[in-house]
J.: 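Below is one structure. I have some questions about it.
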There are 2 protein chains.
Amino acid sequence: MSPTPASSAAPSALTRKLAVFTTLTRAEEARLERLQAQRRRHPARTELLHEAQGDHAAFVLQDGWAMSYKLLADGGRQVVDFQVPGDFLGLRSLLLRTSDHNVAAVTDIVVAEVPPRELRELVETEPRLAMALLWAASRDEAMVVEHLVGIGRRSPMVRTAHQVLELHQRLRLVGLADDGSFACPLNQYVLADALGLTAIHLNRTLRQLRERGLMTFRKGRVEIHDAPAMMALAGFEDAYLDQRAPRPS
Amino acid sequence: MSPTPASSAAPSALTRKLAVFTTLTRAEEARLERLQAQRRRHPARTELLHEAQGDHAAFVLQDGWAMSYKLLADGGRQVVDFQVPGDFLGLRSLLLRTSDHNVAAVTDIVVAEVPPRELRELVETEPRLAMALLWAASRDEAMVVEHLVGIGRRSPMVRTAHQVLELHQRLRLVGLADDGSFACPLNQYVLADALGLTAIHLNRTLRQLRERGLMTFRKGRVEIHDAPAMMALAGFEDAYLDQRAPRPS
DNA sequence: CGCCGAAGCTGCCCGAGATCAGCCCCGCGC
DNA sequence: GCGCGGGGCTGATCTCGGGCAGCTTCGGCG
């Protein structure tokens, strides 16, 4: 992606994201990179964190897509959110000490493991980074809230458009989308489970969006043809993503 | 409602709640109480925080019930969550610096205002409390996730039972419910907006729950007649509420 | 080249839950 | 005592989205 000046290499997606919240010092950036030193790969379509499992690790997603979801007794699945590079995986499980949801890799992914004690240490020694983490967690919650509103009150069309626009914005933030399109490795089943629809109905909905000339989603790529119309349809307000320029704090 | 405790006597609901996460020292307890010194009343049915408003205060609810919700263009309302004593109001707005949702008092309430700089100071000087706050925020998010799953995948009956059980557990934690019942100042319209149902359908659902001998909700009071059956019906797993005994950390 | 499985796509029917319309109950003010 | 209004409650219809069944497309592989 676009090269950015940093200590030695390009900053991680997490650093890039947190920089939106606050201007980071060199030392803080370095600390963040150190936190993400322990890299590890994980294959597509496999679970990274399992509900009710004992060890409570958290990860920072470096590359690829993941999703968090819950399984129900009746076999249903609700995808809570997708994660893209720079996002935390299982931060909540770490704090609640019993993972209440599953996280699976959508594509092959690269993650950085963050051991609990490292995180605690970071919070103790770097209050500004602690605030930034709190911000990231709040942003995640805001996204979940937005999904809740979508499933609770928005029509399938509106909901779908909203989800796509959100993903677009999030990916732009970490440099993984251009103005009108982005690579989207989700299949219709997964996306449907996120939107609280059946794959069948999602398919029909996507067709409608296509026929209206708003967007297409084919072969792993989303193309947004008429962004203003999409925004209007979805009633999209991106305030909850807080994609502003950093401020001195 | 029990009158608010004097600062020297009983601990605040927040203290009580955080004590579940970690054992608090005297000094930390005192610090928490100090954080909540600035008390203020707010009348029922009025907004405390408005979407997109400029000032970003956060509050700790001391007494009464509140709810956070979003309004949609079409006039619809989605209640995201209810807040009971010990819960934060608008913590997310403070961090994102633009409130993305509304918070209204359900009953007459007493809140403690937490100015942004106070919070930042707390995080900087009391890392253990910072972790506890992160825990509380994570718990809130876990509840929102649970609601998302409910609205997305659970039937109205199951969803309703689940919500009631959750409220019961939360209220027990802060000493506002006994084993089989609790005071619930919500009306059916508000509850329906939380569950993503119409008030009409919620009414029918409540009737069913009543006829099955599981629970009743009348005149501001919820009575749970058959807790095990309710739990079974709702598939209620309270892990996400993390109501465990404190551990030494 | 042809088989096979996964994902995408579509038509048809049906049921859960929304919508509409209206009644009852109870507390309150005059 | 009586009218009024808000919340609770109910029956009758409508409709959106789910369920089912099946077809197409495409890529991998023997």
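Being a predicted model, the structure only gives us computed values, none of them experimental. Just so we're on the same page: letters track the sequence lines, and every chain starts at 1.
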J.: Walk along DNA chain D from 5' to 3' and tell me the first and last nucleotide with an atom closer than 4.0 Å to a non-hydrogen atom of chain B.
T.: D:dG7 to D:dA12
J.: How would you list, by chain and number, every residue that makes a salt bridge (Lys or Arg N to Asp or Glu O under 4.0 Å) with A:R172, sequence neighbours excluded?
T.: A:D179
J.: Who are the side-chain contact (heavy atoms from CB on, under 4.5 Å) partners of A:A229, not counting sequence neighbours?
T.: A:L214, A:D226
J.: Could I get a table of every N or O pair under 3.5 Å where one atom is in the protein and the other is in nucleotides 5-8 of chain C?
T.:
from, atom 1, to, atom 2, distance (Å)
C:dG8, OP2, A:Q188, N, 3.1

J.: Can you give one letter per nucleotide of nucleotides 15-27 of chain C, 5' to 3': B if a protein heavy atom sits under 4.0 Å from the base, S if only from the sugar-phosphate, - if neither?
T.: --BSBBB------
J.: Among residues at least two apart in sequence or on other chains, which ones pass side chain to side chain donor-acceptor pair (under 3.5 Å) with A:S12?
T.: A:T15, A:E33, A:Q36
J.: With side chains defined as the heavy atoms from C-beta onward, is the minimum distance between A:V103 and A:F59 less than 4.5 Å?
T.: no
J.: Going by the rule side-chain contact (heavy atoms from CB on, under 4.5 Å), which residues pair with A:L94 if we only count those two or more places apart in sequence or in a different chain?
T.: A:A58, A:P116, A:L119
J.: Applying side-chain contact (heavy atoms from CB on, under 4.5 Å), can you list everything that pairs with B:N187, at least two apart in sequence or on another chain?
T.: B:R45, B:Y189, B:V190
J.: With sequence neighbours left out, what residues match B:T160 under side chain to side chain donor-acceptor pair (under 3.5 Å)?
T.: none
J.: Check side chain to side chain donor-acceptor pair (under 3.5 Å) between A:S155 and all other residues, then give those that pass, not counting sequence neighbours.
T.: none
J.: Not counting sequence neighbours, list each pair that qualifies as a salt bridge (charged side-chain N to carboxylate O under 4.0 Å, His left out) and has a residue in residues 208-218 of chain B.
T.: none
J.: Enumerate the residue pairs fulfilling salt bridge (charged side-chain N to carboxylate O under 4.0 Å, His left out) with a member in residues 64-88 of chain B, sequence neighbours excluded, ordered by first and then second residue.
T.: A:E146-B:K70, B:K17-B:D87, B:R77-B:D193, B:D81-B:R170, B:D87-B:R170
